[in-house]
Amino acid sequence: QVQLVESGGGLVQPGGSLRLSCAASGGIFRLYTMGWYRQDPGNHRELVAIITTGGNTNYVDSVKGRFSISRDNAKNTVYLEMNSVSREDAAVYYCNAKSAFGPVHDYWGQGTQVTVSS
């Protein structure tokens, strides 16, 4: 039973930066692959970035070089640093945890909204 709580969303100007946080509880955090997804009105939910239990990362092409995902296992927290944001980055961002070992478990946060406007 993993609970995920996102924070850090809000209003940011085009070209600006924002850091999202996701605090996890109720599980062995270091054994989960963590990810950030996003969804804007009318679109499907897409994977933005993932970080494995070993610290390997991957990103959707549209954010490569601008966003960075990281995790702090001591704090049970995963971050998404967003730089040089554009209006295309505006969406509700969701945190995801997926078990990397043993039985499959999948958990979602409730999302945090990122608005990009001048």
Side-chain angles (χ1 to χ4, degrees):
Q1 294 297 105
V2 174
Q3 288 188 293
L4 305 172
V5 180
E6 302 97 333
S7 62
L11 178 64
V12 60
Q13 295 185 179
S17 298
L18 203 64
R19 189 179 79 159
L20 307 183
S21 298
C22 173
S25 62
I28 306 175
F29 180 78
R30 62 183 175 84
L31 301 184
Y32 285 81
T33 296
M34 303 299 298
W36 286 98
Y37 293 70
R38 67 187 180 188
Q39 185 172 12
D40 64 317
N43 284 322
H44 65 282
R45 188 174 298 185
E46 70 169 349
L47 175 65
V48 178
I50 58 171
I51 183 165
T52 70
T53 58
N56 296 317
T57 61
N58 201 7
Y59 303 87
V60 67
D61 286 344
S62 61
V63 309
K64 287 181 178 177
R66 300 188 299 118
F67 291 8
S68 180
I69 187 171
S70 61
R71 66 192 296 164
D72 187 337
N73 289 341
K75 295 182 178 180
N76 288 180
T77 302
V78 63
Y79 305 93
L80 183 68
E81 183 180 356
M82 307 167 60
N83 299 310
S84 301
V85 301
S86 70
R87 293 178 179 84
E88 286 67 45
D89 297 316
V92 177
Y93 283 72
Y94 297 90
C95 181
N96 172 262
K98 192 177 188 68
S99 54
F101 307 97
V104 173
H105 295 96
D106 199 17
Y107 304 93
W108 293 90
Q110 292 191 281
T112 185
Q113 185 168 258
V114 173
T115 301
V116 182
S117 177
S118 60

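Hydrogens, waters and symmetry mates play no part in the numbers below; they use all other heavy atoms, side chains included. All values reported here derive from a predicted model rather than from experimental measurement.
Side-chain contact of Thr77 with Asp72: a donor-acceptor pair under 3.5 Å is absent, judged by distance alone.
Put simply, OG1 on Thr33 and CD1 on Ile50 are 7.0 Å apart, with the number rounded to the nearest 0.5 Å. The distance from the CZ atom of Arg19 to the CE atom of Met82 is 13.0 Å, given to the nearest 0.5 Å. The structure places SG of Cys95 at 11.5 Å from OH of Tyr79, a figure rounded to the nearest 0.5 Å. Atom CZ of Arg66 sits about 12.0 Å away from atom CD of Glu81, to the nearest 0.5 Å.
Counting only heavy atoms from C-beta outward, the side chains of Glu88 and Ser62 never approach each other to under 4.5 Å. Side chains of Lys98 and Val104 form a contact here, defined as non-hydrogen atoms less than 4.5 Å apart.
No continuous path of ILVMFWY side-chain contacts below 4.5 Å connects Val92 to Ile69, so the two sit in separate hydrophobic clusters.
In this structure a side-chain-to-backbone donor-acceptor pair under 3.5 Å is missing from Asn43 to Asp40. Under a 3.5 Å cut-off, the side chain of Ser99 and the backbone N or O of His105 do form a donor-acceptor pair. The closest donor-acceptor contact from the side chain of Gln1 to the backbone of Gly27 lies at 3.5 Å or more, if one exists at all. Here the side chain of Asn96 pairs no donor or acceptor atom with the backbone of Gly109 at under 3.5 angstrom.
Under a cutoff of 6.0 Å and an axis angle of 45°, Arg38 and Tyr94 do not form a cation-pi pair. Taking the ring centre of Phe29 as origin, the terminal cationic atom of Arg71 falls inside the region bounded by 6.0 Å and 45° from the ring axis.
Nearest heavy-atom pair, Ala97 versus Met34, reported as atom, atom and distance to 0.1 Å: CB-SD, 3.6 Å. Leu20 approaches Gly9 most closely through the heavy-atom pair CD2-N, 3.6 Å. Between Val114 and Asp89, the closest heavy-atom pair is CG1-O, 4.5 Å. In terms of heavy-atom proximity, Leu18 sits nearest to Gly8 at CG-O, 3.5 Å. Of all heavy-atom pairs between Pro14 and Ser118, the closest is CD-N, 3.7 Å. For Tyr93 against Val48, the heavy-atom pair with the smallest separation is CE2-CG2, 4.3 Å.
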* **Phe67 and Asn83: CA distance, side-chain angles, deciding distance, side-chain contact (heavy atoms from CB on, under 4.5 Å) verdict** => CA-CA 6 Å; Phe67 291 8; Asn83 299 310; 5.8 Å; no
* To do: Show the numbers, then the answer: is there a side-chain contact (heavy atoms from CB on, under 4.5 Å) between Val78 and Trp36?
  => CA-CA 9 Å; Val78 63; Trp36 286 98; 4.0 Å; yes
* Determine, stepwise, if the pair Tyr59 / Leu47 fulfils side-chain contact (heavy atoms from CB on, under 4.5 Å). => CA-CA 8 Å; Tyr59 303 87; Leu47 175 65; over 6 Å; no
* To do: Report the C-alpha distance between Tyr37 and Trp108 in whole Å, list the side-chain angles of each, state the deciding distance to 0.1 Å, and finish with yes or no for ring-ring contact (aromatic ring centres under 6.0 Å, His included).
  => CA-CA 10 Å; Tyr37 293 70; Trp108 293 90; 4.8 Å; yes
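Remark: Gln3 engages no residue in a side-chain hydrogen bond (donor to acceptor under 3.5 Å, both in side chains) (not counting sequence neighbours).
Dense packing is recorded around CD of Glu46, with more than 12 heavy atoms of other residues, nucleotides or ligands lying under 6.0 Å away. Taking a 6.0 Å sphere around CD1 of Ile28, one finds it holds 12 or fewer heavy atoms contributed by other residues, nucleotides or ligands.
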